[in-house]
S.K.: 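Pasting a structure here, questions to come.
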Amino acid sequence: LWEDAALGLAEARVGRGDAAAAVAVYRQLLDRRPSAPHVAWWRLGQAAEQAGDVVRAIAAYERVFFDFPLSPEAAQAEQALGRLAARRDE
């Protein structure tokens, strides 16, 4: 229940355009060891990217890709990493 509430709160903050606040919520969620950490890491990466924190976004996406390679989010993380690498090389 607490996990769903935290995910909902973070999503609401992203929806309001406050991705930096969502990053903080996702970090707190990950500190509590959620049942689906790959989802929290993926969403942390998305929120960090939206907040302009590319370093944190890359770290979160790498965590998903390397630590949870069989999750559906791993393929999305791979795409996000490629997108960020291409943007960095421009």
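Everything quoted here is computed from the prediction, not taken from an experiment. All heavy atoms count here, side chains included; hydrogens, waters and symmetry mates do not.
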S.K.: Name all pairs fulfilling the side chain to side chain donor-acceptor pair (under 3.5 Å) condition that reach into residues 41-52, sequence neighbours left out, sorted by first residue then second.
M.R.: Glu11-Arg43, Trp42-Gln46, Glu49-Tyr61, Glu49-Arg83
S.K.: Do Val39 and Leu81 belong together in a cluster built from hydrophobic side chains that touch within less than 4.5 Å?
M.R.: no
S.K.: CG/Asp53 to CD1/Ile58 distance, rounded to the nearest 0.5 angstrom?
M.R.: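 If we round to the nearest 0.5 Å, Asp53:CG and Ile58:CD1 are 9.5 Å apart.
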S.K.: Quick one: closest heavy-atom pair of Ala47 and Ala22, and the distance?
M.R.: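 Smallest heavy-atom distance, with atoms named: CB-CB, 4.1 Å.
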S.K.: Please tell me whether Leu84 and Val64 are part of a single hydrophobic cluster in this structure, the criterion being side-chain heavy atoms less than 4.5 Å apart.
M.R.: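 Linked, Leu84 and Val64 end up in one cluster.
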S.K.: Which distance, rounded to the nearest 0.5 Å, do you find between the CZ of Arg63 and the CG of Leu30?
M.R.: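 So the CZ of Arg63 and the CG of Leu30 are separated by 7.5 Å.
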S.K.: In Å, rounded to the nearest 0.5 Å, how long is the span from CD of Gln76 to CZ of Phe65?
M.R.: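 Between Gln76 CD and Phe65 CZ, I get 13.0 Å after rounding to 0.5 Å.
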S.K.: Restricting to non-hydrogen atoms, name the atom on Val23 and the atom on Ala48 that form the minimum distance, rounded to 0.1 Å.
M.R.: CG2-N, 3.5 Å
S.K.: In terms of hydrophobic clustering (I, L, V, M, F, W, Y; side-chain heavy atoms under 4.5 Å; direct or indirect links), are Val54 and Tyr26 co-clustered?
M.R.: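 In one cluster: yes.
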S.K.: Only counting residues at least two apart or in another chain, list the ones meeting side-chain hydrogen bond (donor to acceptor under 3.5 Å, both in side chains) with Arg13.
M.R.: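 In terms of side-chain hydrogen bond (donor to acceptor under 3.5 Å, both in side chains), with neighbours along the sequence ignored, Arg13 is linked to no residue.
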S.K.: Using every non-hydrogen atom in the two residues, find where Ala51 and Ala20 come nearest and quote the distance to one decimal.
M.R.: CB-N, 3.9 Å
S.K.: Side-chain heavy atoms under 4.5 angstrom apart, residues restricted to Ile, Leu, Val, Met, Phe, Trp, Tyr: same cluster for Leu44 and Val25?
M.R.: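 Shared cluster, no.
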S.K.: Strictly by side chain to side chain donor-acceptor pair (under 3.5 Å), give each pair with a member in residues 31-40 just once, sequence neighbours left out.
M.R.: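 Every pair satisfying side chain to side chain donor-acceptor pair (under 3.5 Å) with a residue in residues 31-40: Glu3-Ser35.
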